[in-house]
Amino acid sequence: MSIDNSLKAFKEAQNLIPGGVNSPVRAFKSVGGTPLFIAEGEGAYLTDVDGNRYVDYVQSWGPLLFGHRDETIESAVIEAVKHGLSFGAPTQAESDLAALVISMFDSIEKVRFVSSGTEAVMSAIRLARGYTNRDDIVKFTGCYHGHSDSLLVQAGSGAATFGHPSSPGVPADFTKHTLLAEYNNIQSVKKCFNDSKNVACVIIEPIAGNMGLVPADKEFLHELRALCDANGTLLIFDEVMSGFRASVHGAESITGVKPDIVTLGKVIGGGMPVGAFGARAEIMAKLSPEGPVYQAGTLSGNPVAMAAGLASIRKLKQNGQIISVLNTRATRLVEGMQEAAKACGITMQIDTRGSMFGFFFNDKPVKNFSDACRSDEALFASFHSKMLREGFYFACSLYETGFISTAITDDMIEDTINASAKVFKEITNV
């Protein structure tokens, strides 16, 4: 398999763009090799600039529930473009998509659209602080909520609860109000509340997708909800990745836990840049122009993005069995790969939630980021590069989640499993 054109394109990009990429994970640093430059996507497939074709299990990191160039979404976007790219003024499509989202999430009575998941989370936290008149927030190690300053934190030394900046350029003062807890560990959350009586919100990925796929335990989420209620703290579910992917009605329909605020993205853009946050009307009333909490964006509710989102979510709502069908395929994929790995003496931990799947080369179940970090990164890197050679495109980091689209068929799943068996035998010399 030749990737000469990708090599050339990457070399050129490195002279023009920091690291040659516009989002760090794309650089393939954790798996080695050269990032593939993509020329085209169609259905289940990506084609790179060298003409190599891959079954795509990344699907633009989640939004392409119906695969690349879905006819319904593509037609909606083209029609919207004919009327203009951006107005900076209200359109009916914004209200239509808002109504659709609200109809599918019990916890959302009003919604505000933005242009990215990072912006959605940043705004939701500001809203929570404005609503509660408190400053501190609790987040979980291993959960990623975008690159805003107060969320780029790492654990403090010893038993310290308050986080320290995890990136140069983030002042310590910006993270001094961020407390860190361990995912699926309620005692660590209780410690945060003991250390601060000023907690505005707890933000969590109820189905974590940025330390690999690690769903929160139901009991843990119920205890978290009770703890927030007892302390007058808002609970934010970050479903930028899992919203409409794990369930048509959000994580609350899976776990039975109702958040105060939900952040969304990915699928509601249908491939276009969109984010959103929503809550009950009483909380959203604090948001400008109704209330004093300021948030704005020139391209928020962009008409082309709204058209893509409407087409995507309408199609999903019209066929409520889509997620179940995709979960069957996702389960078959990871179970098949697990069996192939076991035959070669490799232990894999696997999980699925709806159309999301994850796997770790790990001897023990993964419940938090510390567990995930004990996975075999070198084995994953080898697996990733060899599966690319076989024509299967997986996320280029063991800390990312995979996605099934409706364009991925049962035959493709079986082909992937067979290729993984070949790769595992090659890796272990079995």
Which heavy atom in V304 sits nearest to a heavy atom in A80, and how many Å separate them? CA-CB, 4.1 Å
Would V58 and E400 satisfy side chain to side chain contact (heavy atoms under 4.5 Å, CB included), going step by step from the backbone distance to the final call? CA-CA 9 Å; V58 178; E400 297 290 347; over 6 Å; no
Side-chain touch R69/E40, heavy atoms, less than 4.5 angstrom: yes
K8 NZ: over 12 foreign heavy atoms closer than 6.0 Å: no
Does any part of the side chain of L316, heavy atoms only, come nearer than 4.5 Å to the side chain of I323, both counted from C-beta? yes
All pairs passing ring-ring contact (aromatic ring centres under 6.0 Å, His included) where residues 251-286 contributes a residue, at least two apart: none
I want to check something: taking the side chain as every heavy atom from C-beta on, are T141 and N368 in contact at a cut-off of under 4.5 Å? no
About how many Å separate OG of S405 and CZ of R245, when rounded to the nearest 0.5 Å? 7.0 Å
Using a 3.5 Å distance criterion without hydrogens, assess whether the side chain of E239 forms a donor-acceptor pair with backbone atoms of A251. yes
Mind checking whether I408 and L333 have side chains closer than 4.5 Å, heavy atoms only? no
OG of S242 to NZ of K266, rounded to nearest 0.5 Å, is 11.0 Å
Do S188 side-chain atoms and N185 backbone N/O form a donor-acceptor pair below 3.5 Å? yes
Beyond-backbone contact of D260 with R225, side-chain heavy atoms, under 4.5 angstrom: yes
Is D106 close to H249 at the side-chain level, that is, under 4.5 Å between some pair of heavy atoms? no
Nearest 0.5 Å, please: how far is CZ in F193 from CG in L227? 4.5 Å
Is a donor on one side and an acceptor on the other found under 3.5 Å between the side chain of D351 and the backbone of R353? no
S375 side chain to A372 backbone, donor-acceptor under 3.5 Å: yes
Starting at CG of L65, measure out to CD1 of I322 and round the result to the nearest 0.5 Å. 6.0 Å
Under 3.5 Å, sequence neighbours excluded: what are the donor-acceptor pairs made by side chains of residues 284-293?
| from | atom 1 | to | atom 2 | distance (Å) |
| --- | --- | --- | --- | --- |
| E290 | OE2 | K110 | NZ | 3.1 |

Walk me through it: do L235 and V257 pass the test side chain to side chain contact (heavy atoms under 4.5 Å, CB included)? CA-CA 10 Å; L235 177 60; V257 175; 4.1 Å; yes
Just checking F87: does its CZ atom have more than 12 heavy atoms from other residues, nucleotides or ligands closer to it than 6.0 angstrom? yes
Specify the closest pair of heavy atoms between S300 and E94, including all atoms of both residues, with the distance to one decimal. O-OE1, 4.4 Å
Apply the ring pair (Phe, Tyr, Trp, His ring centres under 6.0 Å) test between F394 and each candidate in F380, Y57, W61, Y54; give the one that qualifies. Y57
Between the CD1 atom in I313 and the CE atom in M104, the distance rounded to the nearest 0.5 Å is 6.0 Å
How far apart are the closest heavy atoms of S107 and P259, and which atoms are they? CB-O, 3.6 Å
Going from CE on M337 to CD1 on I413, what distance comes out if it is rounded to the nearest 0.5 angstrom? 9.0 Å
Go through it in stages, so that I can follow the logic: the residues are Y399 and F369, the test is side chain to side chain contact (heavy atoms under 4.5 Å, CB included), and I'd like the CA-CA distance, side-chain angles, deciding distance and then a yes or no. CA-CA 9 Å; Y399 301 114; F369 188 56; 4.0 Å; yes
Taking every heavy atom of I261 against every heavy atom of L127, the minimum-distance pair comes out as CD1-CD2, 4.3 Å
Check: R280 side chain, E109 main-chain N or O, donor-acceptor pair, under 3.5 Å: no
Sub-4.5 Å side-chain heavy-atom contact between D70 and K315: yes
Does S75 reach the main-chain N or O of T72 with its side chain, forming a donor-acceptor pair under 3.5 Å? no
Across all chains, not counting sequence neighbours, the side-chain contact (heavy atoms from CB on, under 4.5 Å) partners of N5 are V49, D50
Please collect all ring-ring contact (aromatic ring centres under 6.0 Å, His included) contacts where either partner lies in residues 204-247, sequence neighbours excluded, each pair once. F105-F244, F140-F220
Distance-only donor-acceptor hits, side chain of residues 26-37, under 3.5 Å, sequence neighbours excluded:
| from | atom 1 | to | atom 2 | distance (Å) |
| --- | --- | --- | --- | --- |
| S30 | OG | C396 | O | 2.9 |

Check whether any side-chain heavy atom of T406 lies under 4.5 Å from a side-chain heavy atom of V325, and answer yes or no. no
Looking only at heavy atoms, which two atoms of M348 and A341 are closest? And how far apart? SD-CB, 3.5 Å
Could you tell me whether a side-chain N or O of R126 sits under 3.5 Å from a main-chain N or O of Y294, the two making a donor and an acceptor? yes
Please report the C-alpha distance between R314 and D96 in whole Å, then the side-chain angles of each, then the deciding distance to 0.1 Å, and finally whether the side chain to side chain contact (heavy atoms under 4.5 Å, CB included) criterion is met. CA-CA 10 Å; R314 279 173 175 164; D96 291 344; 4.3 Å; yes
Contacts table for residues 198-219: side-chain donor-acceptor under 3.5 angstrom, sequence neighbours left out:
| from | atom 1 | to | atom 2 | distance (Å) |
| --- | --- | --- | --- | --- |
| E205 | OE1 | Y144 | N | 3.2 |
| E205 | OE2 | G209 | N | 3.2 |
| E205 | OE2 | N210 | ND2 | 3.1 |
| D217 | OD1 | K367 | NZ | 2.9 |
| K218 | NZ | I254 | O | 3.2 |

Shortest non-hydrogen separation from F357 to F403 and the atoms involved: CE2-N, 3.4 Å
